[in-house]
Amino acid sequence: MIEQSNDSQRSDALSSHWVPLPEAAVEKLVRNIYGLTGTVKRLSSERDETFRFAALDGRNYTLKIANPAEDPEALTFQSNALLHLAAVASEVPVPRMVSPLTGGSNSSFTDESGERRIVRLLTFLEGEQQYRTLASLQQNWNLGCALAALGHGLRSFEERPNGKLLWDISHALDLSDLVGCVGHSRQLLVKNVLAEFAKKVPPVAEQLRTQIIHNDFNPHNILVHPDRSAEIVGIIDFGDMVHAPLINDLAVALSYHVATDDWPALSRALVCGYHSVAPLTPLEVDVLPILVKARLAMTIIITEWRAASRPDNRDYILRNHPSALEGLQRLSKLTDPELRRILSPSCEA
């Protein structure tokens with residue numbers, strides 16, 4: 001996620017570097033802030049320090065320690081969204097905030113370099129990450145239903161994030177000045193998508209339903225039951241939430257399925273599951289194909305730019321690049337009517 005206060009700003013949480021905390025120091029931190037004793041295991045993360053914390057009483061948690069460049073208000077916004085969901089949509093399987101000993105949701109400390117770091121502790125959701133499981137039509141139908149239920153829960157959340165994110169499809173055209181970072185053989189592909197987006201989306205943007213959306217409903221952020229892989233048991237990582245067209249959330253979700261085997265049927269199942277809970281408007285159906293392509297193009301542009309600036313984390317940053325490229329190449333070979341038919345909520349074969 002790239003946070004920006006204006007279009008030219010490039011110094012942010014993704015570009016920031018910091019010294020990782022030793023695990024012993026993290027365990028002491030949890031004791032001091034939350035009164036919990038246990039052990040931590042570091043997890044992969046691009047923008048912060050994330051740990052699985054195993055308490056001595058047998059309970060597990062996710063601990064997030066923000067890097068110094070993070071906006072404290074943005075982290076409060078994320079925490080408040082989870083508190084809102086716990087209050088109005090308890091059936092949606094998301095992590096719950098754990099309060100520090102001093103109360104509230106977030107805490108902070110000053111590291112050895114004098115930087116302020118925000119700390120958040122959340123309940124750990126047990127389950128298998130969806131990307132590790134075999135895709136099925138029922139699983140994708142349930143994914144669509146879960147995303148729609150999450151959107152319904154966030155509909156009444158009235159807070160707004162500060163600044164804007166380049167991972168927000170609404171701002172896809174802001175990436176035009178980064179296309180030069182993309183490999184030459186892929187530049188025309190992403191340029192064509194941005195041109196199509198510019199023609200189709202801005203003229204109708206004000207007519208689309210808007211609200212806070214998750215904006216990162218990908219197979220790494222979805223947990224399924226270990227024994228019943230079609231059953232959705234968790235939705236995690238709310239760090240990319242934005243106020244944007246509701247249909248963008250579905251476009252993001254679909255973008256992670258178009259490089260899979262039998263992708264037309266799997267994509268249709270996801271759309272139909274979503275539509276069964278939150279019916280799409282005709283305009284949303286019309287713009288969905290270009291929004292999916294825009295998200296794939298964004299993944300190619302942003303990850304190639306990011307990988308060049310953070311070679312130490314290149315493998316993690318580029319983990320979704322191959323599938324995004326394959327998916328965009330597939331979609332670019334289809335005519336508009338063909339793609340609209342595949343992504344239609346009519347649920348007809």
Side-chain angles (χ1 to χ4, degrees), residues 1 13 16 18-129 132 150 153 157 159 214 216 220-226 232-241 316:
M1 180 174 67
S16 176
W18 68 92
V19 179
L21 293 171
E23 292 185 355
V26 175
E27 292 167 359
K28 181 179 179 180
L29 195 68
V30 176
R31 287 197 302 272
N32 292 341
I33 295 177
Y34 297 97
L36 296 171
T37 301
T39 58
V40 298
K41 178 182 178 182
R42 188 180 297 272
L43 304 176
S44 297
S45 180
E46 185 177 3
R47 63 181 295 109
D48 56 22
E49 293 190 71
T50 302
F51 304 86
R52 178 170 180 171
F53 178 77
L56 291 183
D57 61 11
R59 290 178 294 178
N60 291 305
Y61 303 87
T62 299
L63 177 71
K64 287 184 170 288
I65 303 177
N67 74 59
E70 287 283 9
D71 178 5
E73 292 186 10
L75 298 177
T76 298
F77 165 72
Q78 295 169 28
S79 297
N80 287 346
L82 291 175
L83 292 172
H84 175 82
L85 288 169
V88 307
S90 59
E91 75 284 357
V92 178
V94 300
R96 306 302 184 199
M97 300 297 305
V98 178
S99 295
L101 295 174
T102 55
S105 56
N106 299 347
S107 187
S108 66
F109 72 101
T110 301
D111 65 18
E112 293 184 356
S113 65
E115 297 281 4
R116 184 188 179 206
R117 308 284 296 276
I118 304 296
V119 183
R120 294 174 293 159
L121 189 67
L122 306 97
T123 57
F124 185 87
L125 299 182
E126 300 290 346
E128 189 76 20
Q129 285 178 292
R132 299 178 183 273
L150 174 60
F157 183 53
E159 292 189 30
H214 182 273
D216 197 16
H220 287 78
N221 292 338
I222 301 158
L223 305 177
V224 302
H225 193 284
I232 312 304
V233 298
I235 303 168
I236 60 176
D237 196 345
F238 286 72
D240 279 2
M241 286 186 300
Y316 180 81

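Predicted model only: the values in this text are computed from it and were never measured.
- Heavy-atom minimum distance, D240 versus D216: OD2-OD2, 3.7 Å.
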Under the side chain to side chain contact (heavy atoms under 4.5 Å, CB included) rule, what do L223 and H225 come out as? Steps first, then yes or no, please. CA-CA 7 Å; L223 305 177; H225 193 284; over 6 Å; no

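- Judged by distance alone, the side chain of E159 and the main-chain N or O of A81 form no donor-acceptor pair under 3.5 Å.
- Here CZ of R116 is found 12.0 Å from CG of D111. Values are rounded to the nearest 0.5 Å.
- In this structure, F124 has its ring center no closer than 6.0 Å to that of F51.
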Test S105 against Q78 for side chain to side chain contact (heavy atoms under 4.5 Å, CB included), laying out the working first. CA-CA 10 Å; S105 56; Q78 295 169 28; over 6 Å; no

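- Considering all non-hydrogen atoms of both residues, L36 and R59 come closest at CD2-NH2, 4.3 Å.
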Could you walk me through whether L29 and I65 satisfy the side chain to side chain contact (heavy atoms under 4.5 Å, CB included) test, starting with their C-alpha distance in whole Å, then the side-chain angles of each, then the deciding distance to 0.1 Å, before giving a yes or no? CA-CA 10 Å; L29 195 68; I65 303 177; 3.9 Å; yes

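- For the atom pair CD1 of I118 and CD of E73, the computed distance is 11.0 Å after rounding to the nearest 0.5 Å.
- Remark: the backbone N or O of P226 is not paired with any side-chain donor or acceptor of E128 at under 3.5 angstrom.
- Annotation: the span from I236 atom CD1 to L82 atom CG amounts to 11.5 Å, rounded to 0.5 Å.
- The minimum heavy-atom distance linking R42 with E49 is given by the pair NH1-OE1, 2.8 Å.
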Between R117 and E112, does the salt bridge (Lys or Arg N to Asp or Glu O under 4.0 Å) criterion hold? Intermediate values first, please. CA-CA 11 Å; R117 308 284 296 276; E112 293 184 356; over 6 Å; no

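- The nearest pair of heavy atoms linking V233 to G127 is CG2-CA, 4.2 Å.
- Rounded to the nearest 0.5 angstrom, R120 CZ and I33 CD1 are separated by 12.5 Å.
- Annotation for F157 and H84: closest pair N-NE2, 3.5 Å, computed over non-hydrogen atoms.
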List the steps and the verdict of side chain to side chain contact (heavy atoms under 4.5 Å, CB included) for L122 and M97. CA-CA 5 Å; L122 306 97; M97 300 297 305; 3.7 Å; yes

Chi angles and distances behind the side chain to side chain donor-acceptor pair (under 3.5 Å) call for T50, D48: CA-CA 6 Å; T50 302; D48 56 22; 2.8 Å; yes

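- Note: F53 CZ to T62 OG1 = 11.5 Å, rounded to the nearest 0.5 Å.
- Atom CG of N106 and atom OG1 of T76 lie 4.5 Å apart (nearest 0.5 Å).
- The two residues L150 and F238 make their nearest non-hydrogen contact at CD1-CE2, 4.1 Å.
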